[in-house]
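Below, chain A is the first sequence line, B the second, and so on; all start at residue 1.
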Amino acid sequence: MLHPMGWDSFGLPAELYAVKTGQHPRKTTETNIANFTRQIRSLGFSYDWTREVATTDPGYFRWTQWIFLQIYNAWYNPATRKAESIDTLTYPSELETEDQRRAYRDGKRLAFVSEAPVNWCPELGTVLANEEVIDGKSEVGGFPVIRKPMRQWMLRITAFAERLLEDLNLLDWTDSLKEMQRNWIGRSEGAQVDFRAETSGAILTVFTTRPDTLFGATYLVLSPEHRLVDTLTAGTNRAGVKAYQQAAAGRSDLERTELSKEKTGVFTGSYAINPVNGQRIPIWIADYVLASYGTGAIMAVPAHDERDLEFAEKFDLPILQVVQPPDASKPWRGFCDEGTAVNSSGPDLSLDGLPTAEAKHRISAWLDSRGLGKRTLNYKLRDWLFSRQRYWGEPFPILWRTDAAGNRYHEALPAASLPVMPPTLEDYKPTTDGQPPLARATDWVTLPDGAVRETNTMPQWAGSCWYYLRYLDARNPSSFVGGAVESYWMGTSTSGATPGVDLYVGGTEHAVLHLLYARFWHKVLFDLGHVTTPEPFFKLVNQGLILGEDGVKMSKSRGNVVNPDDVLHEFGADAFRLYEMFMGPLQEVKPWNTRGVEGVYRFLGRVWRLFVDEGSETEYEQNALVDAAAESRWVSEIRLDSRVLDIAPTPAQLKTLHGCIRKVTEDLEALRFNTAISAMMMFVNEAMTWPTRPVSVFRTFLQLLAPFAPHIAEELWEKLHPAGAVPSLGYAAWPVFDPALLVEDTLEIAVQVNGKLRDVIRVPAAATPADLETAALAAEKAKPFLEGKTIKKVIVVPRKLVNIAVA
RNA sequence: GCGGAUGUGGCGAAAUGGCAGACGCAGGGGACUUAAAAUCCCCUGACCGCAAGGUCGUGUGGGUUCGAGUCCCACCAUCCGCACCA
């Protein structure tokens with residue numbers, strides 16, 4: 001069992017807090033880690049602190065940088081569907097110079113530099129990944145985000161889209177979480193179709209999931225950022241197109257979606273030819289077409305697409321039916337589902353009368369045979385924007401140089417030079433001219449040979465992409481994780497073990513961030529032979545959020561935050577732990593209720609009184625009051641209750657105990673802590689009524705209690721072993737229940753008439769179904785319901801119930 | 001709009017298709033106490049009834065079944081995620 005704890009301590013929140021308090025992030029991070037450690041320790045969690053890691057520790061981020069180098073020095077080979085060393089890349093023969101081959105190689109790496117529109121958050125002064133933008137605002141802080149072309153580091157996660165999708169099937173995750181990832185990856189099958197521009201002859205490729213509607217395409221739409229917009233714009237339309245492009249560029253994502261109710265766009269003044277029928281159709285640009293999805297251009301089929309219809313109606317473009325709904329009473333206008341092709345005949349091809357699926361097939365084959373298009377897969381997933389203009393993150397192990405032709409190119413630092421430490425800065429805010437903070441350290445940036453360092457840093461997700469691997473071998477100085485250690489813990493050296501982390505408990509907020517990024521890194525490491533499982537986390541459970549007492553998410557601004565320190569001070573760690581587990585199912589969202597803590601606190605009081613002598617308890621309370629300094633001595637003088645004796649338990653006592661062992665054991669396995677606790681409450685409620693309290697029974701009970709309330713369990717365990725030389729309760733083997741002790745000699749059988757409970761009878765456990773039937777028919781309280789009725793059928797469920805069906 | 005989850009007492013919740021509401025909170029009554037707190041005992045889904053007992057009851061409406069909180073269909077509500085993804 002490996003149960004470690006660590007700190008994901010790089011990132012924006014830590015940096016923002018540091019800026020706010022005017023301290024260095026390393027200082028505030030250390031202070032916070034110390035405080036969290038204190039709180040966690042006071043709760044008595046059994047973490048293995050010898051494996052503690054912090055992602056901000058140079059001994060840790062050295063290996064984060066090392067993994068980045070593995071990604072940087074790899075490419076995705078579509079033939080093998082795997083990441084491979086960049087050395088296996090073959091070059092097209094037309095690349096003659098080393099500079100040309102270098103440019104080609106850099107374009108293939110899994111870590112690459114790209115000049116593309118990115119999410120820029122002016123308030124935070126940094127770019128953000130797609131996953132970090134929620135409703136057009138930054139995930140951290142909630143500030144507006146705009147699109148801006150910038151030169152940034154990207155990781156080629158899109159190459160793994162299909163495998164990230166497929167391998168979800170290997171995992172024991174909830175359906176909802178898997179669905180979130182599937183939706184985020186957003187696979188869709190369709191076709192690319194080439195349209196030829198009428199005057200320039202330029203080829204315009206569009207992506208569509210409905211190639212069967214090609215005959216209904218009455219215009220094309222390009223995104224404002226599409227690279228062919230300039231060449232396609234006719235003279236008189238130039239000013240309007242430019243203005244539209246500029247307006248779209250300056251608009252935030254939020255504005256873009258808020259304004260989505262109203263479609264906007266401009267005509268370029270030029271036309272394209274529909275390859276299927278030679279029709280001349282206008283080319284428009286509009287921001288409802290996204291540059292970053294598909295080809296950044298669409299064929300509009302207003303009859304059978306909601307958005308195209310809205311646009312066509314607004315700009316008075318032709319709407320042509322090409323699909324007949326199966327339900328003829330439904331209007332064809334705006335019908336987007338599958339039906340039958342109509343009005344779809346051209347000189348070389350007719351789809352008329354074909355069902356949608358077949359029409360898709362036919363047209364795809366036709367386009368393919370003419371070289372006009374091909375079947376394609378598209379994903380919503382975008383490449384991972386991996387650089388940030390921040391101080392508090394891992395510096396890239398990358399240098400920039402200039403070649404003979406004056407082109408800047410990048411180069412990896414050797415692994416031996418890791419870690420690349422961030423420079424010491426007085427001011428770690430971004431520069432006023434928009435340069436990352438690291439650019440302030442001019443001595444650090446420029447090397448003696450003229451090379452300059454990359455001044456961006458990695459995003460906060462980098463460190464958390466692989467921490468579970470570092471836990472396995474946290475102090476290894478020569479490798480990110482030792483090979484034998486990795487295969488032992490990840491389960492590939494033992495047959496039957498689940499591959500990867502056996503149980504990962506975490507919140508849903510990581511669904512399309514950390515959990516996606518970590519899977520991607522893991523797959524790269526797997527392909528390159530550094531780890532032995534294709535997936536990092538086998539079983540994943542999302543714990544539910546604990547809301548404030550008012551049923552709303554806890555927040556400082558609402559003032560409904562419960563501070564664990566206060567709860568601990570008033571009720572102790574055991575009551576706090578017990579309550580959190582007793583509240584309800586682990587996965588459920590549920591509100592905090594301090595009364596509930598009092599409830600489990602009372603339960604712990606009853607446990608205590610089950611063991612200790614009341615008189616000595618009173619003495620302790622009085623003595624501890626006048627002499628608080630010697631409290632621990634007075635505690636040790638509390639005596640056991642005189643009924644707690646080393647005597648043989650009665651069969652009834654053993655039965656109660658073993659029933660409890662069974663329930664607690666099974667519930668723990670299934671993470672049903674709430675019902676396990678309720679079983680222990682029932683045990684205690686009954687044990688309170690016993691005239692004798694056999695030590696052996698209570699020792700076992702304490703073992704059951706220990707994982708929930710370790711402090712009180714350990715204290716009482718010690719009292720039950722007066723000799724002193726007893727190992728801690730934590731090392732005692734978990735009790736095993738004896739099924740033989742749970743056998744009942746008589747059973748309670750429910751007697752139903754027409755499914756309604758009428759009586760409960762007691763029968764010997766050995767009673768046969770026939771015995772049960774006889775006894776049930778004779779049941780006193782059931783009789784009135786049988787009188788004067790015909791018995792149609794008697795259903796006997798052995799050991800449970802008898803149902804008499806009457807007419 | 002799309003995807004997912006959840007709907008059970010005053011509240012948190014239990015219940016391999018087989019006695020709905022275990023366990024706990026809150027509430028009511030009682031014991032102990034000069035008194036209070038703590039503790040212990042009893043009651044507590046709704047309605048009818050003096051009682052015995054009965055009727056109804058797991059978001060709504062259907063269905064399958066000897067029997068449905070549980071399975072199937074439709075709908076409603078709430079929460080979470082995604083959202084102009086062609």
Hey, is the side chain of A:R758 poking within less than 4.0 Å of OP1 or OP2 on B:C19, counting only N and O atoms? no
Between NZ on residue A:K178 and CH2 on residue A:W173, distance to nearest 0.5 Å: 9.0 Å
Looking only at the side chain of A:R602 (C-beta and beyond, no hydrogens), which of the listed nucleotides B:C25, B:C19, B:A13 gets closest? B:C25
Measure from the side chain of A:S678, starting at C-beta and using heavy atoms only, and say which of B:G24, B:A22, B:C84 lies closest. B:A22
Given the structure, check if the side chain of A:N183 and the base of B:C82 hold any donor-acceptor pair shorter than 3.5 Å. no
So, does A:Y293 get its side chain near the phosphate of B:A86, meaning an N or O under 4.0 Å from OP1 or OP2? yes
So if I take every side-chain heavy atom of A:Q752 and compare against B:A86, B:C23, B:G18, which nucleotide ends up nearest? B:G18
Phosphate contact (B:G12 OP1 or OP2) by A:K590 side-chain N/O below 4.0 Å: no
Separation between the C1' atoms of B:U39 and B:U33, rounded to whole Å: 12 Å
Spacing of A:K655 atom NZ and A:E686 atom CD [to the nearest 0.5 Å]: 9.5 Å
What is the pairing partner of B:A37, taking Watson-Crick or G-U wobble pairs with both distances under 3.5 Å in any strand? none
Of the nucleotides B:A86, B:C40, B:G12, which has the atom closest to the A:F207 side chain? B:A86
The side chain of A:M583 is closest to which nucleotide in this list: B:G12, B:U16, B:C66? B:G12
Starting the side chain at C-beta, find the nucleotide from B:A86, B:C23, B:C25 nearest to A:N593. B:C25
My understanding is that a pair needs two contacts under 3.5 Å, Watson-Crick or G-U wobble. By that rule, which nucleotide pairs with B:G1? B:C82
Nearest to the side chain of A:E179 - B:G18, B:G4, B:A26? B:G4
Taking for each residue the nucleotide of RNA chain B bearing the nearest heavy atom, is the 5' side occupied by A:M681 or by A:R672? A:R672
Under 30°, 30 to 60°, or over 60°: which ring-plane class applies to A:F576 and A:W592, parallel, tilted or perpendicular? tilted
Paired with B:U65 by Watson-Crick or G-U wobble geometry, both distances under 3.5 Å: which nucleotide is it? none
If pairing means Watson-Crick or G-U wobble with both distances under 3.5 Å, then the partner of B:A77 is B:U6
Taking the side chain of A:K800 as its heavy atoms from C-beta onward, which of B:G18, B:A14, B:C82 lies nearest to it? B:G18
Only residue of A:L222, A:T295, A:D194 satisfying side chain to side chain contact (heavy atoms under 4.5 Å, CB included) with A:L204 is A:L222
I'd like the P distance from B:A26 over to B:C80, given in whole Å. 29 Å
Students often get this wrong, so: under 4.0 angstrom with heavy atoms, is A:V289 touching a base, only sugar-phosphate, or nothing? base
Mind telling me whether B:G7 is syn or anti, cutoff 90° either side of 0? anti
Rounded P spacing from B:U64 to B:G54 in Å: 28 Å
Qualifying residue for side chain to side chain contact (heavy atoms under 4.5 Å, CB included) with A:V589, from A:I546, A:L547, A:T508: A:L547
P gap between B:G49 and B:C66, integer Å: 38 Å
Rounding to an integer number of angstrom, what distance separates B:A38 and B:C11 when you compare their P atoms? 25 Å
Mind checking if A:E306 touches a base, just sugar-phosphate, or nothing, with heavy atoms under 4.0 Å? nothing
Whole-Å P distance, B:C2 and B:A74: 14 Å
Counting any heavy atom closer than 4.0 Å, what does A:F785 reach on the DNA or RNA strands: base, sugar-phosphate only, or nothing? sugar-phosphate
If we take the C1' atom in both B:U34 and B:G24, what is their distance in whole Å? 34 Å
Partner lookup for B:C50, please. Criteria are Watson-Crick or G-U wobble with both distances under 3.5 angstrom; report none if nothing qualifies. none
Rounded to whole angstroms, how far apart are CD on A:E686 and P on B:A22? 17 Å
Parallel, tilted or perpendicular: which describes the rings of A:F571 and A:Y601, with under 30° parallel and over 60° perpendicular? perpendicular
Would you call the rings of A:H514 and A:H510 parallel, tilted or perpendicular, taking 30° and 60° as the class edges? perpendicular
Is the phosphate of B:G24, meaning OP1 or OP2, less than 4.0 Å from a side-chain N or O of A:N685? yes
Using purine N1 to pyrimidine N3 plus N6-O4 or O6-N4 for Watson-Crick, or N1-O2 and O6-N3 for G-U wobble, each under 3.5 Å, what pairs with B:G57? none
Heavy atoms under 4.0 Å, any strand shown: does A:D287 hit a base, just sugar-phosphate, or nothing? base
Rounded to whole Å, how long is the line connecting atom CG of A:L545 with atom P of B:G81? 11 Å
Can we say A:R609 and A:D641 salt-bridge, meaning some charged N sits less than 4.0 Å from an Asp/Glu carboxylate O? no
Would one find a side-chain N or O of A:S188 under 4.0 angstrom from OP1 or OP2 of B:A86? yes
Taking only the side-chain heavy atoms of A:R595 (C-beta and beyond), determine which of B:C66, B:C25, B:G24 contains the nearest atom. B:C25
Spacing between A:L547 atom CG and B:U6 atom C1', to the nearest angstrom: 14 Å
Starting from P on B:G3, measure out to NZ on A:K380 and report it in whole angstrom. 11 Å
I need the NZ-C1' distance between A:K263 and B:A86, as an integer number of Å. 11 Å
Rounded off to whole Å, could you give me the CZ-to-P distance for the A:F708 and B:C23 pair? 18 Å
Looking at A:K756, does any N or O in its side chain come under 4.0 Å of the phosphate oxygens OP1/OP2 on B:C56? yes
5'-most contact on RNA chain B (nearest-nucleotide basis), A:I134 vs A:T689, goes to A:T689
Distance in angstrom units between A:R762 CZ and B:C19 P, rounded: 16 Å
Remember a base hit wins even if backbone is also touched, and classify A:G294 as base, sugar-phosphate or nothing at under 4.0 Å, heavy atoms. nothing
Inter-nucleotide P distance (B:G18, B:G12), Å rounded: 25 Å
Taking the six-membered ring of A:Y288 as reference, does the NZ or CZ atom of A:K263 fall below 6.0 Å from its centre and within a 45° cone about the axis? yes
Residue of the set A:T656, A:V684, A:I661 for which side chain to side chain contact (heavy atoms under 4.5 Å, CB included) holds with A:F701: A:V684
Rounded to whole Å, the CG-P distance (A:D175 to B:C80) equals 20 Å
Out of B:A14, B:C82, B:G18, whichever nucleotide has its closest atom nearest the side chain of A:N674: B:A14
Please tell me if A:R606 has a side-chain N or O lying less than 4.0 Å from either OP1 or OP2 of B:G24. yes
